[in-house]
Engineer: 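Let me begin by handing over the structure; questions about it come next.
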Amino acid sequence: MAQSTLSKFFTPQESRNLQCLDNMGDLETVILQMKNKSHNLTNMQLNIAVMGDVGSGKSTFINAMRGLRSDDQGAAPTGNEETRIEPTGYPYQDLPNVQLWDLPGTNSFGFELNRYLKKVNFESYDFFIIISQARFRENDADLAKKIQEQGKEFYYVRAKIDNDARSLGRQGADLNEGWVRIRKDCISNFQSVGVTPPAIFLISSFDREEYDLPKLKNTLAKDLPSIKSNIFTLSIPKIVMEIAEPKTKMLEKRVRMFGILAGAVGALQLLLRVQMPGSLQVRIPVPVLSFMTTTGLTLVGWIYLQKQLRIRYKLLQSLSSKISKPSSILKDEMNRQLSSKILPAVTNTFLGISLIACMITGIRRNFSPMTQSIFGAVSSFAFTYTLLKNSQRQLLETKQQLVKSALTTD
Ligand SMILES: Nc1nc2c(ncn2[C@@H]2O[C@H](COP(=O)(O)OP(=O)(O)OP(=O)(O)O)[C@@H](O)[C@H]2O)c(=O)[nH]1
Ligand SMILES: [Mg+2]
């Protein structure tokens, strides 16, 4: 199921076009095209993970959703022995582009939950159906928490409810009261672990027209557009990152070049300086000269990055009328992003400069010119490269936040 986030929503042609627009600095058109797409997600494939403990009835549930019996061709294997060890996708033909994924039981490998989730590639699924049987389990609560932490949604299914109906019947209990009690119990269990209770369905995969299976199908059909829209919104930062990828790669090369240049100048300078007459060295101490060139080069690199990536206020103004969002909100978002990053950047710069100063001064007397020169090269490279790389990342993060703010309604 490995798929880039961009290709999940856009065709290869559309993706190339977006990357081209971004390369030319036309962020406005990129945002407008993304907005268009967010209103038209019918072609997006939705991957629904069906999860739960071993034997809870996941595969039988998938077959019931697809109107298949266990021995039909193409049905998910079921049984009392553990049957599923690799996630397997099954098309859900009632809704276009929806796949139901049969996952191994959460307790099947004897791993703790985080390791299990990694193994089944948990983050790649868009929506979840937790299948439980007989009673609420700790694993269900933990799983629900992990899903909500990702900002995603799920349904909770109490399967094999025909068994519950039989036991309630034997006790002479009222079935409707029994169902109300089970629902209440599920809700309070979710609340007790801090999870917002989801839609709850009590189903039997055998008695398919009874209980909540038909309701679950209708609810899923009704919820589909909002589930897709939520996934699109959650994916905006990744989409922006993938759209910006070609330009990011090109700029990374430039950043490396600035770093190498700073390193080369740093090395040469130290090498030349230590061979100069003492009187000259006193007038401009080596560390000072070294800072001047390293910071000078870093500054040139920084201005270059700003020119390539900085978002202009003019763009916010023209964008705001097209997306019906006040430009003040977009400006606030950008300023908030920038100001939260300026202070750490300035602090890092000063720390970096002071560190290099101390080290160069410290080693000057004790090391050979060649060692000093190598040190000068490495420290100048590290300083310029790290600083430029960080500001490139920060500019990308600002762009991601701005696009998110432009495309979401608060
Ligand atoms: N009575 C009843 N039995 C069910 C229902 N759903 C599943 N079962 C039975 O429960 C057993 C396990 O069902 P599966 O669907 O294979 O369970 P699973 O969660 O896929 O199991 P693993 O893949 O091994 O984790 C089988 O014997 C099914 O026939 C149901 O709604 N009612
Ligand atoms: Mg199974």
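Since we're looking at a predicted model, the values are computed, not measured. For this chain, numbers begin at 1 and follow the sequence in order. All values below were derived from every heavy atom in this structure, side-chain atoms included, with hydrogens, water molecules and symmetry-related copies excluded. Counting starts at 1 for both ligands and their atoms, following the listed order.
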Engineer: Check Asp212 with Arg158, please: is the shortest side-chain N to carboxylate O separation under 4.0 Å?
Structural biologist: no
Engineer: Closer than 2.8 Å to the Mg ion (ligand 2), do we get an N, O or S atom from Ser59, backbone or side chain?
Structural biologist: yes
Engineer: Does at least one non-hydrogen atom of Ser56 fall below 4.0 angstrom from an atom of ligand 1?
Structural biologist: yes
Engineer: Name the option, out of Gly105, Ala159, Ser108, Gly55, that contains the heavy atom nearest to atom 22 (P) of ligand 1.
Structural biologist: Gly55
Engineer: How are the rings of Tyr125 and Trp101 set relative to one another: parallel (under 30°), tilted (30 to 60°) or perpendicular (over 60°)?
Structural biologist: perpendicular
Engineer: Mind checking whether Phe190 and Phe136 have parallel, tilted or perpendicular rings, split at 30° and 60°?
Structural biologist: perpendicular
Engineer: Should Gly57 be counted as touching ligand 1, given the test is an N or O pair under 3.5 Å?
Structural biologist: yes
Engineer: State the atoms of ligand 1, each with its element, that fall below the 4.0 Å cut-off from a heavy-atom position in Ser204.
Structural biologist: 31 (O)
Engineer: Which pair of non-hydrogen atoms, one from Asp102 and one from Ala76, has the smallest distance, and what is that distance?
Structural biologist: OD2-CB, 3.8 Å
Engineer: Do Asn163 and Arg166 get their side chains close enough for a donor-acceptor pair, meaning under 3.5 Å?
Structural biologist: yes
Engineer: Taking distance alone, with N or O pairs closer than 3.5 Å, would you say Gly79 contacts ligand 1?
Structural biologist: yes
Engineer: Rounded to the nearest 0.5 Å, how far apart are CD of Glu242 and CG of Asp22?
Structural biologist: 12.5 Å
Engineer: Does Asn163 approach ligand 1 within less than 4.0 angstrom via side chain, backbone, both or neither, non-hydrogen atoms only?
Structural biologist: side chain
Engineer: If you take the nearest heavy atom of each of Lys160, Arg158, Gln133, Arg208, which one is closest to atom 9 (C) of ligand 1?
Structural biologist: Lys160
Engineer: With under 30° as parallel and over 60° as perpendicular, where do the rings of Phe381 and Tyr385 fit, or are they tilted in between?
Structural biologist: parallel
Engineer: What atoms of ligand 1 come closer than 4.0 angstrom to any heavy atom of Thr78?
Structural biologist: 15 (O), 16 (O)
Engineer: Out of all atoms in ligand 1, which are within 4.0 Å of some heavy atom of Asp162? Include the element for each.
Structural biologist: 1 (N), 2 (C), 30 (C), 31 (O), 32 (N)
Engineer: So between Thr106, Thr60, Ile161, whose heavy atom ends up nearest atom 15 (O) of ligand 1?
Structural biologist: Thr60
Engineer: Could you list which atoms of ligand 1 come closer than 4.0 Å to a heavy atom of Ser205?
Structural biologist: 30 (C), 31 (O)
Engineer: Determine whether the side chains of Ser235 and Thr5 contain a donor N or O and an acceptor N or O closer than 3.5 Å.
Structural biologist: no
